[in-house]
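In this text, all values refer to a predicted model and were calculated from it rather than measured experimentally. Order of the sequence lines sets the chain letters (A, B, ...), proteins ahead of strands, with each chain counted from 1.
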Amino acid sequence: MTDPSHDDDAGRSRLVAERDHRLSKLSSLRDEGIDPYPVRFDRDRTLGELVEEFGNLGAGEETDISVKVAGRVMLRRGHGKLFFATVRDHSGEIQLFVSKAVVGDDAFDRFDTVDLGDWLGVEGTVMSTRKGELSVRVERFELLAKALLPLPDKWKGLSDVDTRFRQRYVDLIVNEDARRVFAIRSAVVASIRNSLLERGFLEVETPMLHDIVGGAAARPFSTHHNSLDIDLYMRIALELHLKRLIVAGLDRVFEIGRCFRNEGLDTRHNPEFTMLEAYQAFADYHDMMDLTEHLVAAAAEAAIGTMIVELEGRSVDLTPPWRRITVADLIRESLGVTMHPSMPVTEARAALDDAGVEYRDEWGSGKLMDVLYDDRAQHDVFEPTFVIDYPREVSPLARPHRDDPHLVERFELIVAGRELANAFSELNDPVDQLARFEAGARAKAQGDPEAGDVDYDYVRALEYGMPPAGGLGIGIDRLVMLIAGVTSIREVILFPTLRPEQFDEAEFRFPDA
RNA sequence: GGGCCGCUAGCUCAACUGGACAGAGCAACGGGCUUUUAACCCGCAGGUUCGGGGUUCGAGUCCCCGGCGGCCCA
C-alpha cells in the first residue's frame, strides 16, 4: 500500500484524506514509542463526580488537588501556547486547560495532534478559569484511543435518520436527545422490574425458540435446529409458557423479553421488540388494570420525574385512575352505533358499511365489532383509557365474561390512540381452550398466516388445573415512546432492524504500518 | 404492495421559471494568538449533485428506469 504521507490527495474524498492523515499520526506516535491504544487508564473519578465535587469553585480559584480523569475530546480551542479542550464521559463534561508552560514543549506539540473524537486520559490539578469554567490544569495526558474518522458537525450533530440508526454509536456521541431517550428506557425497565419484584412477582426466562406458534396472532420467523432436525419458530409472545408456570403454582411471574414478528417495519413496528408479560394467580382483569396504572405511572415518575408527558404537541396526564369504558360503550359514544357480538351479522355488516369500513364474509358479529372499534374509535382515544370487554371471537386466550358469555374479560390500554397494553382474566378451562385452539388451527389451514397451532402440551397443563389468574402484556418500546415523547419505535430501539448496508472492502484497507 | 416527499463536500444546509466556474458554516489542512466557551483572525483545500439513460445550445434543476430513505395508506 502507499504511504499516506506521500500520497496524492487529488481525486480522493475528503473523508479518505482525513482518515489517512490520522493514520499517519498513528504511525508517528508509534515511531516515538507511544502506543495509541494503551491497555488501560487509572482514572480516580468520573467527570460527573469531578463536577459534583468541585462545581462550587469560584472564578479564578486554583487548587493543588490532583485528579486523574478520562474522556472523549468534543471541542478544542487553541490559543498559541494554550489549549482549551472539552472532554466528555458518560457522566459529564469538563474543560481541559493545557498550558505549554505546564506540560512542556514536546507534550504541547503532541497535544496539537489530538483530534476531535480522540479519547484522552489526563492528570492535573482542579482549577476554575477567570470566566469561572471548572477545568483541569493538565500536567500529563495520554492518548487512550485514536479516532480515525471525524465526528459530525459539532453543533448540528447528525440528523439523517438512516445514518443515525445504522451508526448508532455516532448518534449517541453527538446527539444529546438520543442519549436521553435510552436513559429513559433504562429507567422505565428498571422501574417496572422493581415494581413487580416489590409485589412478590418472580422474574423468569422462558424459551425464545418454540416448536409451535401461539400466544398471539402474528406471523413468526422460522429457523431450523440442525441436530434435532426440526423447524423452530422465534416466539411471538411470552404468554403460554408463563401461564404454564401459573399452573405450576408459581403464583406471580413475569418476564421482560424480546419477541419476534415477521411483519413490516414502520413507526410503530420493529420485527423484534420487547414485551413485559405478568401473570398473577387469584386475580382478574380489574386487578390487572390497577397493576397497569401503577406500573406505568411509577415508570414515568422514575424516568422523567412527572406523570405529564408531552407527545405530538399535546400533554397527556398519566396520573391514575384512568377511565374505563367498554368496547360497546366506546363505539356508541364515538360513532353513535350500538353493537354486540350477539347481533345478527347482517346488522353488524350494515354498521361497518355505514362507517365505510371493509370486512370479510367469514367474519362474525364479534370480529366486525372489534374491527369497527379498531378502525374508527381507538384512534381518537387520547387520554389513558382502559377499553374493556371484548368480543369472545377475537380473544382466544381470555376467559368468558362473568356477566355476558358473548364477551371476554379483557382490556386494552389506549394512550394517544395507540395500544400500550393488553390483558385478560385468563382462560383456565382446558375444554374451552382446546376448542379455541382448534378454531385457530382451522383458520390457519384455510390460509390465515397469523393463526396459531393447537398447543396440546398447554392444554395438558390446564388439565392439571390453573388457578384463576389475571395476565398483562405491555409493549415496552411503545411505553418508552410515550414517556420519552417520541413518535417512532426506532427512536427507542438502539439498533433497529434495517436493510443491510453494502460495504466496499477497499475502503477498509489500511496502509502498511 | 400503493401514493406522496426526499437524496448536493465527512457533517448541517444553499443554489430563482433549466443559465456562467455548484456555494456557505462546521470539521480538516497551513499560519497567528496564554483565559476561551460553537473561541477568534488570515489563508488553503475539499464534489461521480444516489446510479443509468433521455430531452436541450445548456440539467443539481425537466422526463424515464433503477437504488436507498422518510411519511401516509393497505
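If you check every strand for non-hydrogen atoms under 4.0 Å, A:Ser99 touches a base. Residue A:Gly157 is in sugar-phosphate contact alone, with no base atom involved, counting any heavy-atom pair closer than 4.0 Å across all strands shown.
Going from atom CG of A:Asp266 over to atom P of B:C71 covers 8 Å, rounded to whole Å. Whole-Å rounding puts the A:Leu82 CG to B:G32 C1' distance at 14 Å.
Using the Watson-Crick or G-U wobble rule with both distances under 3.5 Å, B:G43 pairs with B:C29. Nucleotide B:U8 is matched to nothing when pairs are restricted to Watson-Crick or G-U wobble geometry with both distances under 3.5 angstrom. Using N1 to N3 plus N6-O4 or O6-N4 for Watson-Crick, or N1-O2 and O6-N3 for G-U wobble, each under 3.5 Å, B:G1 pairs with B:C73. For B:U35, there is no paired nucleotide, since no Watson-Crick or G-U wobble pair has both relevant distances below 3.5 Å. Pair assignment for B:G18 gives none, since no Watson-Crick or G-U wobble pairing has each distance under 3.5 Å.
Contact between the side-chain N/O atoms of A:Thr267 and the OP1/OP2 oxygens of B:C72 is found at a separation under 4.0 Å. An OP1 or OP2 oxygen of B:G10 is reached within less than 4.0 angstrom by no side-chain nitrogen or oxygen of A:Lys156.
One distance of note links CG of A:Asp329 with OG1 of A:Thr338; it measures 9.0 Å at 0.5 Å rounding. Of the inter-residue distances, the one linking A:Ile489 atom CD1 with A:Arg418 atom CZ reads 10.5 Å to the nearest 0.5 angstrom.
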Protein-nucleic acid N or O pairs under 3.5 Å, nucleotides 28-31 of chain B:
{"residue": "B:A28", "atom": "O2'", "partner": "A:Arg14", "partner atom": "NH2", "Å": "2.7"}
{"residue": "B:C29", "atom": "OP1", "partner": "A:His21", "partner atom": "NE2", "Å": "3.1"}
{"residue": "B:C29", "atom": "OP1", "partner": "A:Lys25", "partner atom": "NZ", "Å": "3.4"}

Exercise. Yes or no on salt bridge (Lys or Arg N to Asp or Glu O under 4.0 Å) for A:Glu347 and A:Arg349, after CA distance, side-chain angles and deciding distance?
Worked result: CA-CA 5 Å; A:Glu347 287 178 27; A:Arg349 288 175 180 162; over 6 Å; no
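When each of A:Ser488 and A:Lys100 is assigned the nucleotide of RNA chain B with its nearest heavy atom, A:Lys100 is the one assigned upstream, toward the 5' end.
Note on residues 53-74 of chain A: no pairs pass ring pair (Phe, Tyr, Trp, His ring centres under 6.0 Å), not counting sequence neighbours.
Contact of the A:Leu372 side chain with the A:Leu335 side chain is registered, since non-hydrogen atoms from C-beta on lie closer than 4.5 Å.
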